[in-house]
2 protein chains.
Amino acid sequence: MQRARVKSPRQNLADRLYQQIKELIFNFQLLPGEYFSEAEIAQRFQASRTPVREALYRLQQEQYVEVHFRSGWQVKPFDFKVFEELYDLRILLECSAIERLCSLPSLPDSLQALTQIWCLSQDERRADLSLCEEDREFHHQLLAAAGNGEMTRIHTEISERIHIIRRLDFTQPERIQATYDEHAAILSAIQQADSEQAKFLLQTHIRQSRDEVRKITLHRLQEAQRQQASSMSI
Amino acid sequence: MQRARVKSPRQNLADRLYQQIKELIFNFQLLPGEYFSEAEIAQRFQASRTPVREALYRLQQEQYVEVHFRSGWQVKPFDFKVFEELYDLRILLECSAIERLCSLPSLPDSLQALTQIWCLSQDERRADLSLCEEDREFHHQLLAAAGNGEMTRIHTEISERIHIIRRLDFTQPERIQATYDEHAAILSAIQQADSEQAKFLLQTHIRQSRDEVRKITLHRLQEAQRQQASSMSI
DNA sequence: GTATTCCATCTTGTATACAAGACAAAGCAA
DNA sequence: TTGCTTTGTCTTGTATACAAGATGGAATAC
């Protein structure tokens, strides 16, 4: 008979590398479309190729990078069509969550907590970049509260993938104010169990974000690439 | 300047092992909850641990197995709650695909082709187990025709996970007849661009499949485990 | 008999060695 | 110059060696 066994008590080197390589990509230190080798990464982080490969294969499965047979790795080039698809998938998942939430007899506590963060008067609101994380948390909590673990897992995964461009949008003050307004309105509709209204608001909210991102991304991307280029020439 | 590079021209050993280990799980040669080690797998397939590990980590990301820190691997135990969640996610994705399809001016050719497979008279119908694959293909084509590649990718992934229990259901003749009828009705509704009717039929179809599976799985699972046990004792 | 400690064994995690093939630049022929 | 061949270097794919720690049973103390 088997005993219960520990479930990875500490973080592997491979896990750390996974995070660190992902950060390289998100910070545009590895640019979309750029080629690199396992040895480069291993040297940069003072590790051997084995855990680097493990991290890279994980990133490959999550669609961030791609391996070419004996010819190195490549950061997946930006594909705006894919981002649009991911946004649509997000809308689908979150609308489904809203429908579920509105059919519940009472709201879960986790959603009540969201009110304290988002339903604020103008002068109580924050405007720093950490709000981008709060925003992700808002949408994540919608899914989590709806109670379907698999949907939540998928939603988290695609939110993470969208994050790389979504972040670029979160520096504009008027967008931040709009986010506060829209989140508050969505929560209010859910509290009134008005499923149709909540879904409409959410769709508008996400589509707006999607359109904003579509507008600014090319510009910001070039900016990020220039920054990267100049920092490398120092 | 970088050249175009080949994209894995042949199948890796790791890829093959991934398939083979997955088959072990699907055939219940590795039972849900069972512990095993990398070395066992490596020896069984006459390979080294490296590609085995790569395959296992991939299976771990897809939720089939789990690694325990320095204490071996485990096939994830059956969790019926998860299967229910996956079924609900499938319904959501396929209903979304149907809505999209019904809004198109004309049906894609790939859907027309499905009619030839499913809209058959009683005596033209087949009844072998290969229909299980056709069934997956049917639902896959719905997603593919709707045109959202990411939704299709996710749908394929969860269909694969459901397949392990879905297969057990596909031996009952009356279930096969019902599948023919229901697929034909769904296609017909889509052809008439009757989104609501198609969605209703599809939901009923998938929920029925889910409920059937729920009923028989425990029985069949024990059967499969007995078979496995007896083949091992020979 | 029971609980505890210790140790041999087994497992994964990581590093390294080697093999097979892709790539690119140099050399060469026309 | 242009195109082809060759060859050396680089990259991933796979095998193996070693390290750190988990597990389980035997030995021990009581």
Side-chain angles (χ1 to χ4, degrees), chain A residues 1-21 24-25 30-31 33-77, chain B residues 1-21 24-25 30-31 33-77:
Chain A
M1 185 56 82
Q2 304 278 356
R3 292 255 191 100
R5 306 187 182 198
V6 291
K7 205 181 280 188
S8 55
R10 62 162 181 207
Q11 210 180 26
N12 289 341
L13 180 53
D15 289 339
R16 277 211 309 280
L17 286 168
Y18 163 80
Q19 285 295 344
Q20 289 177 303
I21 299 170
L24 288 184
I25 297 172
L30 282 176
L31 289 170
E34 188 173 342
Y35 283 87
F36 62 96
S37 75
E38 297 169 2
E40 288 173 47
I41 304 287
Q43 192 174 28
R44 191 199 281 245
F45 294 114
Q46 292 294 303
S48 79
R49 277 179 58 217
T50 308
V52 169
R53 283 171 61 81
E54 196 181 308
L56 286 175
Y57 276 112
R58 189 167 158 198
L59 287 166
Q60 174 170 246
Q61 236 178 320
E62 295 176 356
Q63 315 286 320
Y64 292 104
V65 299
E66 213 170 5
V67 65
H68 299 267
F69 182 67
R70 265 160 218 189
S71 335
W73 291 78
Q74 183 185 26
V75 182
K76 272 214 179 175
Chain B
M1 186 58 83
Q2 303 278 359
R3 291 255 193 100
R5 305 188 183 198
V6 290
K7 207 181 278 186
S8 55
R10 63 163 182 208
Q11 211 181 24
N12 289 341
L13 181 51
D15 289 339
R16 279 210 309 279
L17 286 168
Y18 163 80
Q19 286 294 344
Q20 290 178 303
I21 299 170
L24 288 185
I25 297 172
L30 282 176
L31 290 170
E34 187 173 342
Y35 284 86
F36 62 96
S37 74
E38 297 169 3
E40 288 173 47
I41 305 286
Q43 192 174 28
R44 191 199 282 245
F45 294 115
Q46 293 294 301
S48 79
R49 278 179 55 217
T50 309
V52 169
R53 282 170 62 80
E54 197 181 308
L56 286 176
Y57 276 113
R58 191 168 156 196
L59 287 166
Q60 173 170 246
Q61 236 178 321
E62 294 174 357
Q63 315 287 318
Y64 292 104
V65 299
E66 214 172 4
V67 65
H68 299 267
F69 183 67
R70 267 161 215 186
S71 342
W73 291 78
Q74 183 185 26
V75 182
K76 272 214 178 175

**Asked** Any N or O donor-acceptor pair linking the side chain of B:R70 to the base of C:dT12 at under 3.5 Å?
**Response** yes

**Request:** Would you tell me whether A:E62 and A:Y18 have side-chain atoms, one donor and one acceptor, within less than 3.5 Å of each other?
**Result:** yes

**Asked** Among the nucleotides C:dT14, D:dA15, C:dT12, which one has an atom lying closest to any side-chain atom of B:V67?
**Response** C:dT12

**Request:** Can you see which heavy atom on A:E54 is nearest to which on A:A14, and at what distance?
**Result:** OE2-CB, 3.4 Å

**Asked** In whole angstroms, how far is the P atom of C:dA22 from the CZ atom of A:F69?
**Response** 6 Å

**Message:** In whole Å, I'd like the distance from the CG atom of A:D15 to the P atom of C:dT12.
**Reply:** 16 Å

**Asked** Taking CD from A:Q74 and C1' from D:dT11, how many angstroms apart are they, rounded to a whole number?
**Response** 15 Å

**Asked** Separation of B:Q11 atom CD from D:dT12 atom C1', in whole Å?
**Response** 17 Å

**Output field: ring centroids B:W73/B:Y57 closer than 6.0 Å** = yes

**Message:** Let me confirm one number: the CZ-CD distance from A:R58 to B:Q61, rounded to the nearest 0.5 Å.
**Reply:** 6.0 Å

**Residue from B:V75, B:V65, B:L59 passing side chain to side chain contact (heavy atoms under 4.5 Å, CB included) with B:I21** = B:L59

**Request:** Would you kindly give the CD-to-P distance between A:Q60 and D:dT12, to the nearest whole Å?
**Result:** 12 Å

**Asked** Looking only at heavy atoms, what is the nearest atom pair of B:E38 and B:V52, with distance?
**Response** O-CG1, 3.9 Å

**Message:** Just the rounded figure in Å: distance from P of C:dT12 to CH2 of B:W73.
**Reply:** 8 Å

**Complete:** From CD of A:E66 across to P of D:dT12 the rounded distance in Å is 14 Å

**Item:** Distance, rounded to the nearest Å, where A:E38 contributes CD and D:dT12 contributes C1'
**Value:** 6 Å

**Prompt:** Which residues within residues 40-58 of chain B lie with some heavy atom under 4.0 Å of an atom in DNA chain C?
**Reply:** B:R49, B:R53, B:Y57

